[in-house]
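Step one of this worksheet: look at the structure below.
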Amino acid sequence: MLDRQFIRQNPDAVRAGAARKGVKAPVDEFLQTDAAWRTATHEWETVQAQANTVNKSIGALMGQGKKDEAEAAKREAAELKSKVGDLEGAAKELEAKLREIELLFPNLPHDSVPDGTTPDENVVIREWGEKPTFAEAPKKHFDIALEHGLIDFDRATKVSGSGFAVYTGMGAKLHRALIQFMLDFQTRENGYDEVYPPALVLSSSLVGTGNLPKFEEDLYSTKDDLYLIPTAEVPVTNLYRDEILDATDLPLKVGAFTPCFRREAGAAGRDTRGILRTHQFEKIELVKYVLPEESYNELELLVTDAEDILQALGLHYRVVLLCAGDMGEKGCKCYDLEVYAPGEDRYLEVSSCTNFEAYQARRANIRMRRGPGEKPEFVHILNGSGLAVPRLLVALIETYRLSDSGDIVIPEPLKPYMGVDVLKNPD
RNA sequence: GGAGGGGUGGCAGAGUGGUCGAAUGCGGCGGUCUUGAAAACCGCUAGGGGGCAACUCCUCAUGGGUUCGAAUCCCAUCCCCUCCGCCA
């Protein structure tokens, strides 16, 4: 959601910003409805004010024992009442319509975001490490997973259909070790408060983050008006919905591990082998509530917080600044972290770090107050994965499988969690 | 699932159908006093919308209803608490 005042005063800037994302913002519809709403509201309030005055006078007249005058006032009030009802109905209807339109506006890209419509136009900001080299062509993760018995794809399909994985044995343990390591790291080293939120949420929470009403087809829903979360961003961001935070408590940093559920409706047939794209996956999510003037600085810090994991694991990756057309509707500025997977010979997105500015805060009504007597202001909200588990696991086993023996070397930080240094090739 | 109780401002806690957006206390802020602090005393202290402004409207869980008028009465929904049952 954008600031109403801003849209009124800068309709062209809103149109232009949305256009950079390849989205048409309903600016004209907004302006028209907004004007009608304000007119209707004014009319309603004027008559309501009259009615209030008359109603109050009735009480006073009764108190003074002026019965006749009170009766006359009652008749007048009754007339005003029906007028008020009509006007109120009209105003409320327009307000609801305005809100509906408002929720359809995309967020506007920041000035520092490059133009572009496809991933080809994203900009690589920096790379870390080097592409690992192998004596033989490195294996793909699903072959390694089968070789080591880390994942049972067939039984996953039997149990849940396509797009799921059953991690088995050391695969399950590695999966768990990554989660444990990342959460421990972000809470110990980077100052995030750990939270374990529900994986089922009300639709109102999804409106708050911007997933509804526009992107319902991406979500799994239940018969109970609850949705499965597509990311921990949803429950965590909504933690402070309708609250006014104390500015001195900012930045508020929350880290959460959850499963994530996505229908991947638009991605059927893409990345079908292995665990590159599944309907359920696990990740650690980092969410920050910050002062508006700090949010772009906080975005850079968020990116490095997520990078810390990849560096600790010694995995080659790059940081990509997404162009306006590729970053989705909700963000102002977004960096992707892409880890290199040797078997795939490509970079896999394991994190998207986004500054939403006040877009989500406005939808979810999350504000802060700078001091006593100050007006509440919307906070800026940022989030990023830190990181997504399956793709990280892919990069890990593809990077650390030794060509000659087929053994998988466990990187240093994971050893305490794994209890072993190497996954021996069973053959 | 059954029975009962309850949702009021940052918190606690009053509230008779008619100057109640709401007593009082605590907390917070400002002031007097003090070398400074404490204490005491005085004042201020909910959120949102519209309007340049004066001002005005809405909000006492939410949505309906009764009434000229609802925090107050009625109905529905949601949430919380207690007891019983069930359960990891």
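A, B, ... follow the sequence lines: proteins, then strands. Residue 1 opens every chain.
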Just checking, is any N or O donor in the side chain of A/Q5 or A/R8 under 3.5 Å from an acceptor N or O on the other one?
-> yes
Check the distance between B/G47's C1' and A/L245's CG and give it to me in whole angstrom.
-> 15 Å
Applied to residues 299-313 of chain A, the salt bridge (charged side-chain N to carboxylate O under 4.0 Å, His left out) test, sequence neighbours excluded, yields A/R126-A/E307
For nucleotides B/C60 and B/G48, find the distance between their C1' atoms and express it as a whole number of Å.
-> 15 Å
Answer with base, sugar-phosphate or nothing: what part of the nucleic acid does A/R367 contact at a heavy-atom distance below 4.0 Å?
-> sugar-phosphate
What nucleotide, of B/G48, B/U56, B/G50, holds the atom closest to the side chain of A/A49?
-> B/U56
Between C1' of B/G48 and CE of A/M1, the distance in whole Å = 12 Å
Check the angle between the aromatic planes of A/H279 and A/F164 and answer parallel, tilted or perpendicular using the 30° and 60° thresholds.
-> tilted
Ring centres under 6.0 angstrom apart (A/Y289, A/Y240) | yes
Which base, if any, makes a Watson-Crick or G-U wobble pair with B/U19, both distances under 3.5 Å?
-> none
Decide whether A/T41 and A/W37 meet the rule of one side-chain donor and one side-chain acceptor closer than 3.5 Å.
-> yes
What's the CE-P distance between A/M368 and B/G10, to the nearest Å?
-> 18 Å
Whichever of A/I244 and A/T46 has the more 5' nearest nucleotide on RNA chain B, that residue is A/I244
Applying the 3.5 Å cut-off to both distances, the Watson-Crick or G-U partner of B/G9 turns out to be none
Would you confirm whether A/K21, through its side chain, and A/E329, through its main-chain N or O, come within 3.5 Å as a donor-acceptor pair?
-> yes
Check the distance between B/C29's C1' and A/E374's CD and give it to me in whole angstrom.
-> 12 Å
Considering only the P atoms, how many Å lie between B/A12 and B/G7, rounded to the nearest integer?
-> 12 Å
Quickly, which of A/V389, A/L150, A/I151 forms a side chain to side chain contact (heavy atoms under 4.5 Å, CB included) with A/Y167? Name it, please.
-> A/I151
Apply side-chain contact (heavy atoms from CB on, under 4.5 Å) to A/E377 and A/K375, showing your working.
-> CA-CA 6 Å; A/E377 299 169 48; A/K375 278 280 165 198; 5.7 Å; no
Determine the interatomic distance between P on B/U45 and the same-named atom on B/A61; round to the nearest Å.
-> 23 Å
Donor-acceptor under 3.5 Å (A/R370 side chain, A/A247 main chain) = no
Would A/K333 and A/S112 count as having a side-chain donor-acceptor pair, cut-off 3.5 Å?
-> yes
Using atom CG of A/N52 as one end and atom C1' of B/U19 as the other, report the distance to the nearest whole Å.
-> 12 Å
Between B/G9 and B/A71 - P atom distance, rounded Å = 14 Å
Would you kindly give the CD1-to-P distance between A/I366 and B/G47, to the nearest whole Å?
-> 18 Å
Under 4.0 Å between a side-chain N/O of A/Q48 and OP1 or OP2 of B/C58, yes or no?
-> yes
Using Watson-Crick geometry (N1-N3 plus N6-O4 or O6-N4) or G-U wobble (N1-O2, O6-N3), each under 3.5 Å, B/G4 is paired with B/C81
Across all strands, who's sitting opposite B/A14 as a Watson-Crick or G-U wobble pair, both distances under 3.5 Å?
-> none
Could you measure between the two C1' atoms, the one in B/C42 and the one in B/C33, and give it in whole Å?
-> 12 Å
Do any of residues 88-106 of chain A sit with a heavy atom less than 4.0 Å from RNA chain B, and if so which?
-> none
Sub-3.5 Å donor-acceptor pair from the side chain of A/S385 to the main-chain atoms of A/S351, do we have one?
-> no
Quick one: is B/G49 close enough that its OP1 or OP2 comes under 4.0 Å of any side-chain N or O from A/R38?
-> no
Yes or no on side-chain contact (heavy atoms from CB on, under 4.5 Å) for A/L286 and A/Q186, after CA distance, side-chain angles and deciding distance?
-> CA-CA 8 Å; A/L286 308 173; A/Q186 297 299 357; 3.9 Å; yes
Applying a 3.5 Å limit to both distances, which nucleotide forms a Watson-Crick or G-U wobble pair with B/G27?
-> B/U45
What integer number of Å spans the C1' atoms of B/G27 and B/G10?
-> 8 Å
G-U wobble or Watson-Crick pairing nucleotide for B/U32 (cut-off 3.5 Å, both distances) = B/A40
Pairwise C1' distance for B/U8 and B/A14, with rounding to whole Å | 10 Å
Identify the nucleotide, in any strand shown, that forms a Watson-Crick or G-U wobble pair with B/C73, with both distances under 3.5 Å; if there is none, say none.
-> B/G65
Considering just the side-chain nitrogens and oxygens of A/R369, establish if one lies under 4.0 Å of OP1 or OP2 belonging to B/G47.
-> yes
Atom-pair distance (CG on A/D242; C1' on B/A46), nearest Å = 15 Å
Let me know the distance between CG of A/N365 and P of B/A61, rounded to the nearest Å.
-> 18 Å
Distance between C1' atoms of B/C81 and B/G47 (Å, rounded) = 27 Å
Give each protein N/O atom lying under 3.5 Å from an N/O atom of nucleotides 67-71 of chain B, with the pair distance.
{"from": "B/C68", "atom 1": "O2'", "to": "A/N55", "atom 2": "OD1", "distance (Å)": "2.5"}
{"from": "B/C68", "atom 1": "N4", "to": "A/K74", "atom 2": "NZ", "distance (Å)": "3.4"}

